[in-house]
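Beneath this line is the structure, given in structure tokens, with notes to follow.
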Amino acid sequence: MFKNVLSRLVTQTVRPHRYAPPGPVIQRLIPASGPLRSFTDRKDEAQPQFDASLLDVLVCPLSKKPLRYDAETNELINEELGIAYPILDGIPNMIPQEARLIQKDSTEMPTQ
Amino acid sequence: MAASMRLLVRRAVRLSHRNITLTAAGAAARSGCCRGPSVCRCFSDEAEDRSTHFGFETVSETEKAKRVYKVFENVAQKYDIMNDAMSLGIHRVWKDALLHVMHPQPGAQLLDVAGGTGDIAFRFLEYIRLQEERQKRRAARSSQTPSWQDISNNYSTEDESRESRAVVCDINKEMLKVGKQKADSLGVSAGLSWVVGDAEELPFDDDQFDIYTIAFGIRNVTHIDQALQEALRVLKPGGRFMCLEFSKVNNPILSSIYDAYSFQMIPVIGEVIAGDWKSYQYLVESIRKFPNQEEFKGMIEDAGFYCVKYYNLTGGVVALHSGFKL
């Protein structure tokens with residue numbers, strides 16, 4: 001019985017290999033993998049798809065008020081306090097010390 | 001005197017692998033250090049920079065936060081491998097036990113603080129997925145010929161029922177990066193979010209989450225009581241706080257084996273696998289500095305949680321504390 005199962009497994013894996021023509025597969029792989037993956041990767045990092053649902057729960061850790069997502073600078077902005085939290089690799093950084101003051105040019109807020 | 005004892009322990013651990021000197025020095029250092037930092041704290045309470053413990057050392061609070069950050073930045077890449085090596089895979093059992101006690105239902109919102117590489121969040125989503133499949137199978141079996149009313153109900157609940165979601169929050173970007181990579185390689189993305197945040201100052205609104213977990217992270221927080229208060233704040237009424245942490249082993253035989261293993265084997269494994277002796281030395285020392293089961297239960301109750309209880313796992317090596325916000 002075991003031999004039957006084994007032989008069935010082997011023939012089943014071999015069959016698709018025989019039928020799938022190698023030509024179009026290779027043609028599909030080469031142009032598709034390179035630029036397409038980098039394109040989607042770049043899009044995913046900048047894309048706010050995760051942000052939309054996160055914005056429901058995320059607030060400024062200091063004032064506990066909701067934030068505004070700014071797509072150009074890829075930051076979460078608290079208008080009231082005038083600070084912006086950066087988003088790196090799609091992960092928002094909500095540490096107050098790493099937030100940027102919007103009005104001034106300084107990059108770090110003074111520690112509390 | 002305490003300082004010289006600590007130095008002695010360090011030197012003994014690094015140079016010799018002899019059992020006798022090590023356990024004796026370790027025991028002496030521990031008893032000396034327990035008195036030391038508490039005295040320092042009394043004197044420096046008025047000062048700007050309070051002091052706390054970093055393993056067996058006494059450091060300022062800002063210093064501790066920085067050093068803990070550095071520790072996890074260094075170990076992030078090898079964190080999961082080290083966990084398996086140090087605990088001989090038993091950490092998986094502990095985390096599975098956490099999920100089993102949690103028993104989350106579909107639609108639950110989880111906040112995993114100090115979640116780092118996402119172990120709890122992944123298990124949570126998997127558990128809920130299995131629950132949903134089981135429920136669907138049960139529903140399919142019982143309703144072989146649904147009435148028109150059942151069919152219309154099914155259509156409406158599919159959109160309205162809340163999707164379960166897991167938010168992983170950690171103060172360390174490197175740990176989250178590793179976790180995100182794991183998620184991408186496992187193909188898990190739906191209902192999973194990653195946020196860099198401080199457990200003492202969570203970037204979440206009040207009454208948001210059904211379950212708050214912190215697994216093997218709370219001993220690294222500088223102000224544990226603040227973290228507990230934040231946990232109470234972000235939980236919904238009826239929400240559950242769950243904490244997995246290394247704790248006190250009561251059995252003396254198991255305790256001596258555990259101490260010997262911790263102080264002799266773990267930093268060595270850390271050096272061999274992760275190339276970082278000091279971080280793992282900090283790890284085992286920080287376990288000894290953390291309050292025991294009853295003390296921690298008291299801290300959780302002080303923060304305002306009700307029905308606080310704890311479960312000892314592996315003879316007390318790990319304790320699972322649970323409390324409710326009512």
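Within every chain, numbering begins at 1; the chains are lettered A, B, ... in the order of the sequence lines, protein sequences first and strands thereafter.
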Side chain to side chain contact (heavy atoms under 4.5 Å, CB included) between D56(A) and R165(B), worked out: CA-CA 12 Å; D56(A) 296 334; R165(B) 171 212 268 164; 4.2 Å; yes

Test log, rule side chain to side chain contact (heavy atoms under 4.5 Å, CB included), inputs Y85(A) and V196(B): CA-CA 10 Å; Y85(A) 296 94; V196(B) 177; over 6 Å; no

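Environment of NZ in K66(B): sparse, with no more than 12 heavy atoms of neighbouring residues, nucleotides or ligands closer than 6.0 Å.
The two residues E201(B) and P96(A) have their closest heavy-atom pair at OE1-CG, 3.8 Å. Pairing each heavy atom of L54(A) with each of W194(B), the nearest pair is CD1-O, 4.2 Å. Listed here is the closest heavy atom pair of V59(A) and D205(B): CG2-N, 3.6 Å.
Residue L67(A): no heavy atom, backbone or side chain, is found under 4.5 Å from chain B. L176(B) touches chain A through backbone and side chain together, each having a heavy atom under 4.5 Å away. For chain A, the nearby part of E230(B) is the side chain; its heavy atoms alone come within less than 4.5 Å.
Between K173(B) and I91(A) the shortest side-chain heavy-atom distance does not fall below 4.5 Å.
Interatomic distance, D198(B) CG to E98(A) CD, rounded to the nearest 0.5 Å: 10.5 Å.
A distance-only check finds no donor-acceptor pair linking the side chain of K177(B) to the backbone of D89(A) [under 3.5 Å].
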